[in-house]
Amino acid sequence: MKLSFIFSSKNEYEGMKKYRVFSIFNLKFRFRISMFKTLRRSRPKLLNNLRDYDNILKNKNEQRQKCELAICAIYKNEPDIKEWIEYHRLIGIDRFYLYDNDSDDNSREILKPYIENGIVVYKYVSGRCMQVPVYRDAVFRYKNETKWLAIIDLDEYIVPVSTNNLKDFLKEYDKYPAVGVNWLMFDSNGLVKRPNKPVIEAYTRCDYNFPSNKMIKSIVKPNKVLSITDPHFCYYRKKLLAVDENFKELKPDSNGGNYSVNTEMPMNKIRINHYHTKSQEDWERKMGIGFADSTKIREHSPGHLVFDRYDSDDTILKYLPQLKKNMNMEMEIKK
């Protein structure tokens with residue numbers, strides 16, 4: 001009998017916490033052996049539990065050229081990952097730093113051509129609650145590779161409203177460390193099954209006054225970031241503050257110092273379309289995966305799946321014809 005069948009040990013990660021798990025026959029013993037510092041003023045740290053499927057550079061000493069605009073994101077089993085990448089390429093994203101958190105679907109095969117040509121920098125990270133540690137890792141690891149870094153999820157699509165290109169929008173904000181962009185929440189459009197059409201075409205029902213629209217996500221200059229303790233915002237060097245589209249500084253609110261909200265919810269120049277549920281089928285799959293930053297179980301949230309009242313927003317559809325062309329999708333483009 002092999003000894004590994006009797007006794008084994010491994011590391012497990014749960015956000016900032018690291019555990020050593022010993023297995024003896026069918027019994028498991030879990031010991032917490034270290035914890036990353038979570039002080040909000042602490043320096044971003046590199047993760048040490050990454051399996052590196054990074055771009056294989058011809059010369060190990062060769063460095064990627066610095067780009068102007070990139071995205072970092074963590075994901076698990078995302079069926080719309082190709083559309084998400086192709087859409088964001090349309091608005092000016094040069095590079096994607098993607099952290100695969102224990103996916104067991106075909107996403108890596110989908111990403112292979114993007115990895116090979118340098119559009120995607122791919123890393124595999126295992127463990128629970130890894131969203132904030134991943135963001136810290138990306139900011140610290142790639143801070144000299146990109147001028148701007150958008151920190152978003154794969155159900156979020158950045159929409160430049162006043163321009164067609166995100167780089168053009170950011171030109172006016174060059175003296176600031178970051179721009180905080182509000183969500184615009186979308187529901188399931190009444191769809192039960194996944195539709196055979198792009199996300200941006202399938203889901204047009206939003207609510208301009210939905211409470212969650214007050215939440216922001218950040219487009220940061222990574223070399224200005226001091227630390228990250230929340231998926232929505234960062235702390236910046238020299239006590240600098242991010243601004244919204246109207247150049248208003250995003251300070252803590254009066255109810256406890258939450259930098260992650262902007263209750264004015266400006267969306268005239270830029271917003272993030274948040275396809276939180278997509279179809280009922282997608283939502284049930286998402287509930288099974290859980291949260292990227294918490295061990296809590298997702299609730300059904302019928303108020304998110306089908307809004308009590310809704311508006312219709314087609315701003316993002318200006319990109320639909322080119323998106324379909326780029327994805328080689330033979331679908332009729334709705335007028």
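All residue numbers in this chain count up from 1 along the given sequence.
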Checking [X] now: which residues fulfil side chain to side chain contact (heavy atoms under 4.5 Å, CB included) with it, not counting sequence neighbours?
| X | value |
| --- | --- |
| K112 | E116 |
| Y176 | Y173, V243, F247 |
| L191 | N189, P195, A202, Y203, S279 |

Value rounded to 0.5 Å, distance of [atom1] in [X] from [atom2] in [Y]:
| X | Y | atom1 | atom2 | result |
| --- | --- | --- | --- | --- |
| R89 | F96 | CZ | CZ | 7.0 Å |
| D155 | I272 | CG | CD1 | 10.0 Å |
| C206 | M267 | SG | CE | 8.5 Å |
| N77 | L154 | CG | CG | 11.5 Å |
| D244 | M265 | CG | CE | 12.5 Å |
| D187 | Y275 | CG | OH | 11.5 Å |

Whether the side chain of [X] engages the backbone of [Y] through a donor-acceptor N/O pair (distance < 3.5 Å, no angle test) should be reported.
| X | Y | value |
| --- | --- | --- |
| S188 | L305 | yes |
| D311 | Y208 | yes |
| N165 | K167 | yes |
| R136 | I228 | yes |
| E245 | N268 | yes |
| D100 | S103 | yes |
| D207 | M185 | no |

Quiz item: Does anything in residues 223-234 pair up under salt bridge (charged side-chain N to carboxylate O under 4.0 Å, His left out), and if so which pairs, sequence neighbours excluded?
Solution: none
Quiz item: Parallel, tilted or perpendicular for H304 and F210, by the 30°/60° rule?
Solution: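 Because their plane-to-plane angle is over 60°, the rings of H304 and F210 count as perpendicular.
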Practice problem: Could you check whether the rings of H88 and Y157 sit parallel, tilted or perpendicular, using 30° and 60° as the cut-offs? | Solution: tilted
Quiz prompt | Q65 CD: over 12 foreign heavy atoms closer than 6.0 Å | solution = no
Quiz prompt | Other residues, nucleotides, ligands: >12 heavy atoms within 6.0 Å of K269 NZ | solution = yes
Would you call [X] and [Y] a side-chain contact if the rule is heavy atoms closer than 4.5 Å?
| X | Y | value |
| --- | --- | --- |
| L166 | I219 | yes |
| K221 | W148 | yes |
| D104 | K76 | no |
| Y236 | S218 | yes |
| E201 | L323 | no |
| L250 | L241 | no |
| K217 | H274 | no |
| R194 | D80 | yes |

Quick one: do the [X] and [Y] side chains pair a donor with an acceptor below 3.5 Å?
| X | Y | result |
| --- | --- | --- |
| N101 | Y99 | no |
| D153 | Q131 | yes |
| Y319 | E86 | no |

Heavy-atom closest contact ([X] atom, [Y] atom, distance):
| X | Y | value |
| --- | --- | --- |
| K66 | T146 | CE-C, 3.8 Å |
| I216 | N262 | CG2-CB, 3.8 Å |
| E109 | P113 | O-CD, 3.8 Å |
| G127 | D102 | N-OD2, 3.1 Å |
| I91 | I158 | CD1-O, 3.4 Å |
| K143 | F140 | CG-O, 3.6 Å |

Quiz item: Is D174 paired with K147 through a side-chain N to carboxylate O contact shorter than 4.0 Å?
Solution: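 Salt bridge present between K147 and D174.
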Quiz item: If you measure from the Lys or Arg side-chain nitrogens to the Asp or Glu carboxylate oxygens, is any gap between R285 and D105 under 4.0 Å?
Solution: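 Salt bridge absent between R285 and D105.
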Self-check item: Audit row: S107, L98, side chain to side chain contact (heavy atoms under 4.5 Å, CB included) steps and yes/no
Solution: CA-CA 11 Å; S107 55; L98 299 184; over 6 Å; no
Exercise. Using the side chain to side chain contact (heavy atoms under 4.5 Å, CB included) rule, take T277 and D282 through it: C-alpha gap first, then chi angles, then the decisive distance, then the call.
Key: CA-CA 7 Å; T277 65; D282 286 296; over 6 Å; no
Practice problem: Go through N213 and N209 one step at a time and tell me if the side chain to side chain contact (heavy atoms under 4.5 Å, CB included) criterion holds. | Solution: CA-CA 7 Å; N213 290 349; N209 298 307; 6.0 Å; no
Quiz prompt | Full working for ring-ring contact (aromatic ring centres under 6.0 Å, His included) between Y114 and Y122 | solution = CA-CA 9 Å; Y114 298 104; Y122 176 97; over 10 Å; no
Quiz item: With a cutoff of under 4.5 Å between side-chain heavy atoms, which Ile, Leu, Val, Met, Phe, Trp and Tyr residues group with V192?
Solution: none
Quiz item: Partners of S212 by side chain to side chain donor-acceptor pair (under 3.5 Å), sequence neighbours excluded?
Solution: none
